[in-house]
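Take a look at the structure below.
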Amino acid sequence: MPEDSEVKPSWAEQVEWGEDETLPPAREDYDEKTKTKTVTEYTYNSESKKVKVVRTYKIETRKVAPSIAKRKAWKKFGSASNDAPGPNPSNTIMSEETFMQFVHSKENLQTDAEEDPLAKLKGHKIVSCRICKGDHWTTKCPYKDTLAPPQENADSDKAKEGEGGASAGSPAAQRLGKYVPPNMRDGGNRRGETMMGNRRDEAATIRVTNLPEDTIEADLQELFRPFGSISRIYLAKDKATGQSKGFAFINFHRREDAARAIAGVSGFGYGHLILNVEWAKPSGTQ
DNA sequence: TATGAGCGA
């Protein structure tokens, strides 16, 4: 014998409809024998027509894990003690079933990979060099200082040549509207030349470690000047405290001077410590 | 203790 109970439309729908709506209330019928619950609701469709929505649920017949089945048999209590079994649509929304993707089901993953937007992103590189389209930041580009990757599209160069005008600078770079440093103009960007004046002349940089904490730049200058002319001294310090970190970089103009400095100063007792000097490696990720 | 600071898309 069906046991009927009237239920209010869901809270969200009440708000949506406003106070003075005249839709019949939803009702919920439960058939003990067939363990079937029927929920009847009235709502508006997309054309603002009243429609009746009937949904039937089979209760307790679905296969679920024993622990869940047990939980479903719990007696309802409090203000829900008279509710029919199963969720009460006035305070519970049943969403669609959600299937979970487990990592170990490799076959499914394989087939879904094409549809997964994340998977698409994976192959797509996040950074693309503006100079050579490579997979690195523009500032890290090996062609950064030549301002042109090898063989820039030659035909577009030809086309532009007809226009005549300014003859200065690397043709490709200037047409692209990029800044060309003075030393690069008028054919100055030949490979060999650029490589020389490149990158803080890393080739002649040495690193000094095990410096006493109270060492200052002037001390280093004094210490290394005998070996040749120094272009730059960097004493690593804590940015906040200004505390020396105990190592420094010295740039010589000539690599051979740097080499002699390594030979001469490495192992040199300085203050209360013994200095260690070696070739510096470029910093960062490159 | 230790390979610099900063700029991004």
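Naming convention: chains lettered A, B, ... in sequence-line order (proteins, then strands); numbering from 1 in each chain.
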Counting only non-hydrogen atoms, which of [range] are less than 4.0 Å from DNA chain B?
range: residues 217-229 of chain A; result: none
range: residues 237-245 of chain A; result: Lys239(A), Lys245(A)
range: residues 265-275 of chain A; result: none

Test side chain to side chain contact (heavy atoms under 4.5 Å, CB included) applied to Pro226(A) - qualifying residues, sequence neighbours left out
none

List the residues meeting side chain to side chain contact (heavy atoms under 4.5 Å, CB included) with Ile274(A), not counting sequence neighbours, and say none if there are none.
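Not a single residue meets the side chain to side chain contact (heavy atoms under 4.5 Å, CB included) criterion with Ile274(A).
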
Under the side-chain hydrogen bond (donor to acceptor under 3.5 Å, both in side chains) rule, collect the residues that match up with [X], sequence neighbours excluded.
X: Thr92(A); answer: none
X: Ser244(A); answer: none
X: Lys237(A); answer: Glu217(A)
X: Arg225(A); answer: none

Using atom [atom1] of [X] as one end and atom [atom2] of [N] as the other, report the distance to the nearest whole Å.
X: Phe247(A); N: dG4(B); atom1: CZ; atom2: C1'; result: 6 Å
X: Arg207(A); N: dA2(B); atom1: CZ; atom2: C1'; result: 7 Å
X: Ile206(A); N: dA2(B); atom1: CD1; atom2: C1'; result: 16 Å
X: Arg232(A); N: dA5(B); atom1: CZ; atom2: P; result: 10 Å
X: Ile250(A); N: dG4(B); atom1: CD1; atom2: P; result: 15 Å

Please list all pairs passing the salt bridge (charged side-chain N to carboxylate O under 4.0 Å, His left out) test where one or both residues lie in residues 238-266 of chain A, with sequence neighbours left out.
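Passing the test, one end in residues 238-266 of chain A: Arg254(A)-Asp257(A), Asp257(A)-Arg260(A).
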
Which residues pass the ring-ring contact (aromatic ring centres under 6.0 Å, His included) test with Phe247(A), sequence neighbours left out?
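Phe247(A): ring-ring contact (aromatic ring centres under 6.0 Å, His included) contacts with Phe249(A).
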
With sequence neighbours excluded, what pairs up with Phe227(A) under the ring-ring contact (aromatic ring centres under 6.0 Å, His included) test?
none

Any side-chain donor paired with an acceptor under 3.5 Å for Asn210(A) and Asn276(A)?
no

Ile233(A) reachable from Ile262(A) in the ILVMFWY side-chain graph, under 4.5 Å edges:
yes

Would you indicate which nucleotide in [options] comes nearest to any side-chain atom of [X]?
X: Tyr234(A); options: dA5(B), dA9(B), dA2(B); result: dA5(B)
X: Asn251(A); options: dG4(B), dA2(B), dA9(B); result: dG4(B)
X: Phe249(A); options: dA2(B), dG4(B), dG8(B); result: dG4(B)

